[in-house]
Amino acid sequence: MNIAKTLREFRSLREQLPSPVGFVPTMGYLHDGHLSLARMAREDGASVVASIFVNPTQFAPTEDLDAYPRDLKRDLELLEAEGTDLVLTPETNDEFYPAGYDTWVDVAGITRVLEGASRPTHFRGVATVVAKLFNVVQPDRAYFGQKDAQQALVIRQLIRDLNFPIELVLGPTIREDDGLAMSSRNAYLSAEQRTAAPVLRRSLDRVEALYEGGERRGNVLRDAMQELIDTEPLATIDYVSVANLETLEEADVLEGKALVSLAVRFGKTRLIDNTILPRGASLI
Ligand code: PAF
């Protein structure tokens with residue numbers, strides 16, 4: 001496995017890779033969710049590229065950029081064990097954002113709700129860095145996880161609108177045995193918060209069960225999620241949502257596919273999770 005710490009180094013190593021190239025962008029501190037994407041890319045293509053870059057522009061000044069967990073040595077070992085060919089891990093932020101940097105990619109519409117409403121500059125940072133990564137890596141396929149469902153929809157729009165010749169491939173949310181979705185941020189949870197956090201998956205289970213029992217009223221489904229999460233004193237809801245999957249607008253009555261999603265804080269740690277209705281339907 002080759003490791004490139006500068007874009008210049010990366011470009012010369014990338015030239016030697018046989019096609020098709022699969023790309024797994026990450027911010028590091030890898031878990032099984034990331035590794036399952038690397039595995040999918042390995043099975044699908046001739047070459048696998050991953051990036052590890054904690055992208056500063058997707059964090060607001062009040063968020064956890066400096067505290068974001070990092071373990072580069074372990075990440076590289078894990079990627080190598082999955083058969084990754086090349087890793088881009090810029091040593092400094094200047095590689096992507098040199099002094100005077102001032103170009104931004106703003107996907108409109110679907111970034112204004114849910115995560116975008118709670119974190120107004122987040123998707124501009126994500127779309128900008130992903131567009132830059134696509135330009136540098138030039139993959140045939142790019143792999144993203146369904147846990148960040150809205151991010152996946154934003155990347156789909158970015159690929160379409162900016163004519164990237166890239167196939168978007170989504171991997172399922174990978175969960176701990178008790179249902180908690182894997183996330184690098186789970187590392188921040190105290191023992192008590194970790195015990196409480198599976199309430200998130202249980203609230204999604206409840207919505208799925210109500211839907212399967214015939215319930216289609218958006219407010220009833222949202223209230224059911226909220227009620228269950230409120231039984232957990234350590235959880236503070238940021239939002240619960242039952243939205244039309246195409247527009248991400250809150251649904252009055254569910255017709256077609258819906259994205260059921262939530263963001264909940266346990267102390268300072270903000271976790272997200274989601275499911276698609278009908279159960280098993282694909283996000284894209
Ligand atoms: O999902 C993530 O880890 C990040 O948002 C991404 C796509 C690597 C961009 O920084």
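First listed ligand is number 1; within each ligand, the first listed atom is number 1. Quick note: residue numbers are just sequence positions, from 1.
Here the heavy atom of the protein found nearest to atom 3 (O) of ligand 1 is Met27 CG, 3.6 Å. Looking from atom 9 (C) of ligand 1 to the surrounding protein, the closest heavy atom is Gln58 OE1, 3.3 Å. Of the protein's non-hydrogen atoms, Gln151 NE2, 3.9 Å is the one closest to atom 2 (C) of ligand 1.
In this structure, Trp104 and Tyr101 have perpendicular ring planes: the angle between them is above 60°, well past the 30° mark.
Under 4.0 Å from ligand 1, the heavy atoms of Thr26 that appear belong solely to its backbone.
When each atom of ligand 1 is checked for a heavy atom of Val129 under 4.0 Å away, the hits are 9 (C), 10 (O). The Phe144 neighbourhood of ligand 1 comprises atoms 7 (C), with distances under 4.0 Å to a heavy atom of that residue.
No close placement of the Tyr143 and Phe23 rings is indicated, their centers lying 6.0 Å or farther apart.
No more than 12 heavy atoms of other residues, nucleotides or ligands sit less than 6.0 Å from atom CD of Glu249.
Both the sub-6.0 Å distance and the 45° axial angle are not jointly satisfied by Lys5 relative to the ring of Phe10.
Under the salt bridge (Lys or Arg N to Asp or Glu O under 4.0 Å) test applied with Asp273, the options Arg185, Arg201, Arg175 reduce to a single match, Arg175.
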